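To find a chain, count down the sequence lines: A is the first, B the second, and so on, and within it residues start at 1. Computed from a predicted structure; not experimentally measured.
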Amino acid sequence: MKIKVDPSNPFNLEVTLCCGQAFRWEKKGEWWYGVASDRVFKSRQTSGILEIENVDSDFAKRYFGLNDELDNVYSRICKDRYIKRAVEMFSGLRILRQDPWECLISYICATYKNIAAIKHMLFNVSRRFGDKVRFDGFDFYTFPPVENLARASLNDLLQCGLGYRTKYVQETARTVAESHVDFDHLRKMDYKEAKRELMSLPGVGPKAADCILLFSLEKLQSFPVDVWIRRAILRHYAAHFSREFIARLREKESLAGSDYEKLSMFGRTYFGEFAGYAQEYLFHYERTGG
DNA sequence: TAGTTGCCTTCGAG
DNA sequence: ACTCGAAGGCAAC
């Protein structure tokens, strides 16, 4: 299937897949191969044409966030020169709509890890506990179904390189397996309620919850704060906070819970209903050296 | 080459 | 309530 991408509603496949929101896409030749839910599909983009194969167009459009009106998003979040620069540089970066289950486990694994290491862990988990799918002559692995991780032994999980996250993954998988987590319900709940619910799961703090809400549960106002966003705020948005607070932030290695909430709340109120979009542009801009 | 630093943080103890 | 340190291991420098 081919989709026309015109400049008034841009899409940039490469940036969207490389900016660190999803961890299981790989480029082979000129095609990007991905596994979302239990489908393997591939995509490539040349100038104004986006090609997608092996999946229906409704799913692909939703997954790639193509239903978001980016001109509207940009006009809402472009509040200052710095975010404008980030938006211009990475125009067409979109928030993916990932599978909530995979997203949940991914961000439990993501704590205190860099992106390369996260990819490595999730690849191990998928290879060991997922199903093998052959496509275009390559082997892919679906993300493990809930039951597979709920049944997994601590030792098997440990061998995937999860470290201290092992028990969080197992406990969370068991909680989901006992159907104590309803993702469709979370999607309908408001931001604060859904966040509280997610944070009741072991291994899910405020940062992980914000990522899961943004990347898989349609909460586009969610504003995850990691070390890069904290850096961006210190450099470019310090004037929005008190002198003492900024001084404290510069000294501290890690964020206290209340400090996290203060920064995240700033993002949500300053950038508005699409704060999550602003966050991804700032994150990518800061990480790639601006 | 080998060592160090840092990583899209969370949890639990004090 | 709030601070502080520990927790795999990979990868970039």
Side-chain angles (χ1 to χ4, degrees), chain A residues 15-25 86 90 93 95-96 98 102-125 127-128 152 154-172 175 195-217 219 222-235 244-245 247-264 267-268 275-290:
Chain A
V15 180
T16 298
L17 296 181
C18 292
C19 71
Q21 53 178 322
F23 306 104
R24 269 163 42 73
W25 281 87
F90 304 119
L93 190 172
I95 301 292
L96 297 172
Q98 301 181 49
E102 174 169 351
C103 200
L104 169 61
I105 298 301
S106 297
Y107 281 93
I108 288 175
C109 291
T111 70
Y112 208 62
K113 282 275 189 187
N114 57 44
I115 291 173
I118 299 164
K119 287 180 176 174
H120 189 67
M121 282 190 293
L122 293 173
F123 178 75
N124 288 342
V125 168
R127 188 176 45 182
R128 187 177 274 258
L154 287 176
N155 209 267
D156 284 349
L157 286 169
L158 201 56
Q159 281 180 38
C160 296
L162 302 191
Y164 65 90
R165 303 159 193 83
T166 296
K167 60 178 182 297
Y168 302 144
V169 168
Q170 191 196 54
E171 280 181 52
T172 292
T175 307
K195 184 170 178 178
R196 198 174 23 243
E197 191 84 14
L198 284 172
M199 285 177 63
S200 72
L201 296 166
V204 181
K207 160 63 172 59
D210 276 332
C211 287
I212 298 158
L213 291 168
L214 176 61
F215 300 135
S216 72
L217 293 169
K219 305 293 183 247
S222 176
F223 192 83
V225 179
D226 57 33
V227 291
W228 299 99
I229 292 296
R230 180 170 69 160
R231 251 168 242 167
I233 290 178
L234 283 173
R235 283 191 198 158
E244 305 82 67
F245 180 71
R248 196 148 52 88
L249 268 194
R250 283 190 213 280
E251 283 181 22
K252 291 287 179 187
E253 277 297 318
S254 63
L255 278 181
S258 55
D259 291 344
Y260 178 93
E261 192 44 43
K262 205 162 175 173
L263 295 177
S264 182
R268 293 197 298 276
Y277 260 102
Q279 192 272 2
E280 274 309 284
Y281 284 89
L282 294 179
F283 174 75
H284 198 51
Y285 191 51
E286 197 69 21
R287 236 173 63 86
T288 52

Inset, instruction - Classify the nucleic acid contact of A:Cys19 as base, sugar-phosphate or nothing, counting any heavy atom under 4.0 Å across all strands shown. - result: base
Inset, instruction - Verify whether the ring centers belonging to A:Phe283 and A:Phe223 lie closer than 6.0 Å. - result: no
Legend entry - Nucleic acid contacts of residues 275-282 of chain A, taken as heavy-atom distances under 4.0 Å to DNA chain C: none
Inset, instruction - By nearest nucleotide on DNA chain B, pick out whichever of A:Gly203 and A:Pro224 is the more 5' one. - result: A:Pro224
Inset, instruction - Select base, sugar-phosphate, or nothing to describe what A:Tyr260 touches, counting heavy atoms under 4.0 Å on all strands. - result: nothing
Inset, instruction - Find the distance A:Ile115:CD1 to B:dT9:C1' and express it as a whole number of Å. - result: 14 Å
Inset, instruction - Return the value, rounded to whole Å, for the distance between atom CG of A:Leu104 and atom P of B:dT10. - result: 12 Å
Inset, instruction - Sugar-phosphate means primed atoms, P, OP1 and OP2; the rest is base. With that split, encode nucleotides 3-13 of chain C 5' to 3' as B, S or - using protein heavy atoms under 4.0 Å. - result: SS--BBBBS--
Legend entry - Interatomic distance where CD belongs to A:Glu286 and P belongs to B:dG6 [whole Å]: 15 Å
Legend entry - d(NZ, A:Lys167; C1', B:dT9) in whole Å: 13 Å
Legend entry - Nearest-angstrom distance, P atom, C:dA11 to B:dT10: 23 Å
Legend entry - Separation between the C1' atoms of C:dC10 and B:dC11, rounded to whole Å: 22 Å
Legend entry - Gap in Å between the two P atoms, one belonging to C:dC13 and one to B:dC8, rounded: 12 Å
Inset, instruction - Check DNA chain C for consecutive Watson-Crick or G-U pairs with both distances under 3.5 Å and list the runs of at least three as stems. - result: B:3-7 with C:9-13, B:9-14 with C:2-7
Legend entry - Stepwise salt bridge (charged side-chain N to carboxylate O under 4.0 Å, His left out) check, A:Arg268 with A:Glu261: CA-CA 10 Å; A:Arg268 293 197 298 276; A:Glu261 192 44 43; 2.9 Å; yes
Inset, instruction - Check every strand shown and say whether A:Val225 touches a base, only sugar-phosphate, or nothing at a heavy-atom separation below 4.0 Å. - result: nothing
Legend entry - Exam field: side chain A:Ser222 to backbone A:Asp210, donor-acceptor pair closer than 3.5 Å: yes
Inset, instruction - Measure centre to centre between the rings of A:Tyr112 and A:Tyr164, then say whether the value is under 6.0 Å. - result: no
Legend entry - Distance, rounded to the nearest Å, where A:Ile118 contributes CD1 and B:dT9 contributes P: 7 Å
Legend entry - Donor-acceptor pair, side chain of A:Glu286 and main chain of A:Trp228, under 3.5 angstrom: no
Legend entry - 5′-ward residue of the pair A:Val204/A:Tyr107 relative to DNA chain B: A:Tyr107
Inset, instruction - Output yes when a side-chain donor or acceptor of A:Arg165 lies under 3.5 Å from a complementary backbone atom of A:Thr111, and no otherwise. - result: yes
